[in-house]
Every structure is written in structure tokens, then in C-alpha cells.
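In this text, all values refer to a predicted model and were calculated from it rather than measured experimentally. Protein chains get the first letters and strands the later ones, always in sequence-line order, with residue 1 at the start of each.
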Protein chains: 2
Amino acid sequence: MASIEADLEDLTARARIREAALRQFGELGFERATIRGIAETAGVSSGLVRHHFGSKEALREACDEFLVKTLRRVRDATFDDPMLTRANPVAMAQAAFGPYQPYLVRALVEGRAEPLFDEMVRAGEQWLAEADAERADPPFADRKARATVSTAMALAVTILHRHVSRSLGVDVASPEGAHLLATVILDLHSHPALSPETAAEMRAALERIRPA
Amino acid sequence: MASIEADLEDLTARARIREAALRQFGELGFERATIRGIAETAGVSSGLVRHHFGSKEALREACDEFLVKTLRRVRDATFDDPMLTRANPVAMAQAAFGPYQPYLVRALVEGRAEPLFDEMVRAGEQWLAEADAERADPPFADRKARATVSTAMALAVTILHRHVSRSLGVDVASPEGAHLLATVILDLHSHPALSPETAAEMRAALERIRPA
DNA sequence: ACGCCTACTACACAAGCGTGTAGCTTCCTT
DNA sequence: AAGGAAGCTACACGCTTGTGTAGTAGGCGT
């Protein structure tokens, strides 16, 4: 797992700038992060940032592009360990996102990082395909639609990590927090919030007010 | 339901500025929104913004404060209609958040708007209390912890509305999108993703790697 | 040894920002 | 009617920003 903190000096200046940008964009957001701040973090002049990436917007695009490639690689390595990933999905997410988590969260919230989201949906569809095989009654909705919403929900804890940590009383990034979180998620996913009867009721009510 | 669009002229200048700020902060984000832009939207001079609110940061705090009061009022009115709110939680969220949805989403993601999140958790706890009464096996985790994660998940679709709309192929804010979304959520909430057996397996695996 | 491209720095510039100040109107109080 | 606070505007200041330009150091092919 590549770390931002370690061995920044070993990288080329271009890579150092990109890593610094990833960190600054993630910590401060795109607007509050400055070219000069990124340059300073990378240990180069601000002019070099422009020399290598052209503009601030292009730098962000380079970051996005880099992450798409990186995450694909990390994912291939991580998803192959089903025991670890299934036992603690939260730990998996942290492992997959790596040190780029703050950046990715911001990108997702702003509606960017489409490839990442879509790929997660696709993974969810695969998972649902297996689950649907053992399901008695037909699902209410399209498999992709269910995978989409599930994906969004899976990202919720990471996106709202501040609120969740505060409300749980423990940092979800800590080992204890991750464990608690996994326990909770396991409980929620193995116990339906709605009984078949109430679900049927609500579904009927929903169809009654169905739009054209 | 108060609308930002309508009757801006009827409000006092101070209120117009606040409404304009709510909209600009929501649409553009706090950094990209400018005092001058807010003033122009409100139809006043930029100096008046400073006169009434002192600083940009203070203006944001005034917006937060206003929303806490407003939402409490709106919630009391909306939550009393259990048929509507339970039939379509998404429509409920949109109704409750009102035109301030973009602002609130940004506030939540940035870790602000704690009162809003905490109140949602509390409502979730109440709901879970009823559900737990009819539950056979004991929950894996604390009720508040489950309410916290459920709350985060409930907010996910709203926060990631761009991705969700794109992946569903229909705007979740539209009547058709809201209906589809409600159907999906109903399905997910009434069918556990994990069977009791696999859940037990994963729980065992989780306990095996439990941190100190 | 020469030329040249690439990496890199230093510095300047215009624009937009939040903020400060001075002054004008309006309306309410006494 | 006088006075004064409150609502409101116009304008300027200083700072930071992204970007542009000029120039230097260094390695590499010829």
C-alpha cells in the first residue's frame, strides 16, 4: 500500500506534486487548497506545478485519472481476499481507498469520480446476482437499481465519518471504531427493518400514489 | 413550505440576504460563493451584507442557526403524517429539507449541522425501540449505534444524488425517480442482504480479529 | 564542445476576494 | 421639529489567488 507520508523524497517532482495535491485537495477541498501550498508541501516552486500540469483544474484531473488507475490495481489485489473483505467491509473500504480517502469522498460528493462509483455499483450487481439466486420472492426493483442504492449506502459511513464517529463516541478510523461499525452493519444487514407485512402495506400505499 | 424562489421581495433585506446566502452556499459551496454575489442575488449592496452579519463566516453561522430553528418546525409538521412519511421516506426527506437541501448536504458532509444529524439519530432510536420489541434475537449492538449508521445510510442517497440519479437513469428529485427510489429502499429494508448463517459466520470471524 | 530540450526557479501581473470607512437616507422617538 | 439610531450605498484598501514571463541549471545526443 502506497503511503503519502513516507518517502516523498524518493518520488519524482511530478509525482510529489500530485501526491501533495491529493493530500491538500482532500484536507482542504479544491478551492481552499492553493497552488503555492501544494508546491510547498511537495518541496518545489509554484512555477513547477504549472510547468508540469498547466493549471489547477488540469492538476485535479490528473489526480482523478491517477486514482482511477491506482484504485483499479488496489481493488484487484484487495477483493481477492474474501475472508478479510467480507468480515469487515469498513476495513476493506479503508484499505481500498487508502490514504486518498478524503480526496475521494470530496470527489464523490461533488458528483465526480464517476468511474469509481460505477465500478462499485457493478461489483454490487455481481454480489446481488448471487444473492438473488437464493431468494424466494421476486425483488421489487431492477438489480442495478438496488445495487446503486446499496452502493450509496455503503459509502455513507465514510462520507459522514465525522458525524458517525461523534455519535458512536469512537473514531470509525480506529480499530475499535471499525470493529463496532462492522458489528452494527452486520446486524443491520442480517435483520430486515421492515416485516413482510408492513413492507407489503407500504408498497401498496406507494403504488396508490404512483406518478404517471 | 417556504420557497426561496418566490416572494423574495416581500422579505426584509436581512432575510433576503440570508435566503440568498443559503442558495449560493448550497449551489456553489462556501468558498466559491461570494459576498458580492449573495448581495446581488438579494438585490442589495455588498456593504449591507457586512452591516447585517459582520463577516462571511458569521453569515454562514446565521444560516445554520436559522435552519436549525426552521427544520425543527418543519419536522414537527411533517413527521405527524405517518402515512405519507412511511410510504415514501425519500419524499419525506425532500419535504423536510425543503429548498435548503443543497446547503444542508454540504453542511453535513463538512461535519457541521450536528443538531440536525443528532436529531435524526434520536428519531431513528425511537423507531428502533418499537422494532426491537418485536425482534426475537438480541441485536448485535447498541441501539444508538444502529440508529447512527442507519441515519447515515438514509442520508446517502440525498448526498450522492448526482451519482444515484445517473446510475438509475432518472433524477431522484423527479416524481418517477422518487418512486423508483422508494421501491428500491422498501425492497432493501424488507429483505436482509445476509442470511442468519452467513451473518453468524462473519460475526464469528469478526470476533476472532477483535481489537483490544 | 556545442546545441538543445527538459526540469526548475524567481518574479511580476491582473483579477477577485473579504473587509474597512465614510456618508447618505429614512423613520421613529421625545 | 429635532435628534439619533438603523438601514443602506459607494468606494477604496490590502491581500491572496491563478496565471504569465523570463531566465537559470543540467543532462544528453551530435
Side-chain angles (χ1 to χ4, degrees), chain A residues 4 7-67 102-103 106-107 110-112, chain B residues 2 4 7-67 69 102-103 106-107 110-112:
Chain A
I4 291 188
D7 304 325
L8 270 188
E9 300 144 8
D10 293 6
L11 300 171
T12 65
R14 192 173 196 282
R16 279 210 313 278
I17 293 171
R18 193 191 52 226
E19 295 292 319
L22 252 1
R23 187 160 62 175
Q24 297 272 314
F25 286 157
E27 284 180 9
L28 307 172
F30 182 71
E31 340 281 341
R32 288 178 57 199
T34 67
I35 302 273
R36 287 170 175 84
I38 292 167
E40 192 179 357
T41 304
V44 299
S45 73
S46 69
L48 191 60
V49 177
R50 171 172 174 76
H51 174 70
H52 277 304
F53 295 94
S55 73
K56 193 183 181 182
E57 185 57 41
L59 175 56
R60 164 152 75 174
E61 284 164 19
C63 289
D64 284 348
E65 211 170 313
F66 170 77
L67 282 186
Y103 181 94
R106 285 186 194 272
E110 289 167 19
R112 291 175 17 254
Chain B
I4 291 188
D7 303 326
L8 269 187
E9 301 146 5
D10 293 6
L11 300 172
T12 65
R14 192 174 196 281
R16 279 208 315 276
I17 293 171
R18 193 192 52 226
E19 295 292 318
L22 251 1
R23 187 161 64 177
Q24 297 272 309
F25 286 157
E27 283 179 11
L28 307 172
F30 182 72
E31 342 281 338
R32 288 177 58 200
T34 67
I35 302 274
R36 287 171 175 82
I38 291 168
E40 193 179 357
T41 304
V44 299
S45 73
S46 68
L48 190 59
V49 177
R50 171 172 175 77
H51 174 69
H52 277 304
F53 296 95
S55 74
K56 194 182 182 183
E57 184 58 39
L59 174 56
R60 165 153 74 174
E61 284 165 19
C63 288
D64 284 348
E65 210 170 314
F66 170 77
L67 282 185
K69 284 192 299 184
Y103 182 93
R106 286 187 192 272
E110 288 167 21
R112 292 175 15 257

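Residues forming a ring pair (Phe, Tyr, Trp, His ring centres under 6.0 Å) with Phe25(A) (at least two apart in sequence, or on another chain): Phe30(A). For Glu31(A), the side-chain hydrogen bond (donor to acceptor under 3.5 Å, both in side chains) criterion is met by no residue, not counting sequence neighbours. With sequence neighbours excluded, the residues forming a side chain to side chain contact (heavy atoms under 4.5 Å, CB included) with Ile35(B) are Ser46(B), Val49(B), Lys56(B), listed by chain and number. Not counting sequence neighbours, the partners of Glu110(A) by the side chain to side chain contact (heavy atoms under 4.5 Å, CB included) test are Arg60(A), Arg106(A), Arg112(A). Legend: residues meeting side chain to side chain contact (heavy atoms under 4.5 Å, CB included) with Thr34(A), ordered by chain and number and at least two apart, are Arg36(A). For the side chain to side chain contact (heavy atoms under 4.5 Å, CB included) test, residues two or more places apart in sequence or in another chain that qualify with His52(B) are Arg14(B), Ile17(B), Leu48(B).
As a whole-Å value, the separation of Glu31(A) CD from dT16(D) P is 19 Å. Regarding Arg14(A), its CZ atom lies at a distance of 9 Å from the P atom of dA7(C), rounded to whole Å. In this structure, Ile35(A) atom CD1 and dT17(D) atom C1' are separated by 9 Å, rounded to whole Å. Between the CZ atom of Arg18(B) and the C1' atom of dG7(D) there is a distance of 17 Å, rounded to whole Å. Taking atom CD1 on Ile17(B) and atom P on dG7(D), their separation rounds to 11 Å, with Å as the unit. For the pair Ile38(A) CD1 and dG18(D) P, the computed distance is 8 Å after rounding to whole Å. dA7(C) atom P lies 13 Å from atom CZ of Arg16(A), rounded to whole Å.
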Under-3.5 Å N/O pairs linking protein and nucleotides 22-27 of chain D:
none

I'd like a table of atom pairs between the protein and nucleotides 9-13 of chain D - only N or O on both sides, under 3.5 Å - with the distance next to each one.
| residue | atom | partner | partner atom | Å |
| --- | --- | --- | --- | --- |
| dT9(D) | OP2 | Ser45(B) | N | 2.8 |
| dT9(D) | OP2 | Ser45(B) | OG | 2.8 |

For nucleotides 22-28 of chain C, tabulate all protein N/O to nucleotide N/O atom pairs closer than 3.5 Å, reporting atom names and distance.
none

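For DNA chain C, the residues of residues 52-63 of chain B within the heavy-atom distance limit of 4.0 Å (strictly under) are Ser55(B), Lys56(B), sorted by number.
In this structure, the side chains of Leu59(B) and Ile38(B) come closer than 4.5 Å at one or more pairs of heavy atoms.
Scanning all heavy atoms of the two residues, the minimum distance from Ala15(B) to Leu11(B) falls at CB-CB, 3.9 Å.
A distance of 12.0 Å separates OG in Ser45(A) from CD in Glu40(A), rounded to the nearest 0.5 Å.
At the heavy-atom level, Ala33(B) lies under 4.0 Å from the strands shown only through sugar-phosphate atoms.
Relative to the six-membered ring of Phe66(A), Arg18(A) meets both conditions, a distance below 6.0 Å and an angle of at most 45° to the axis.
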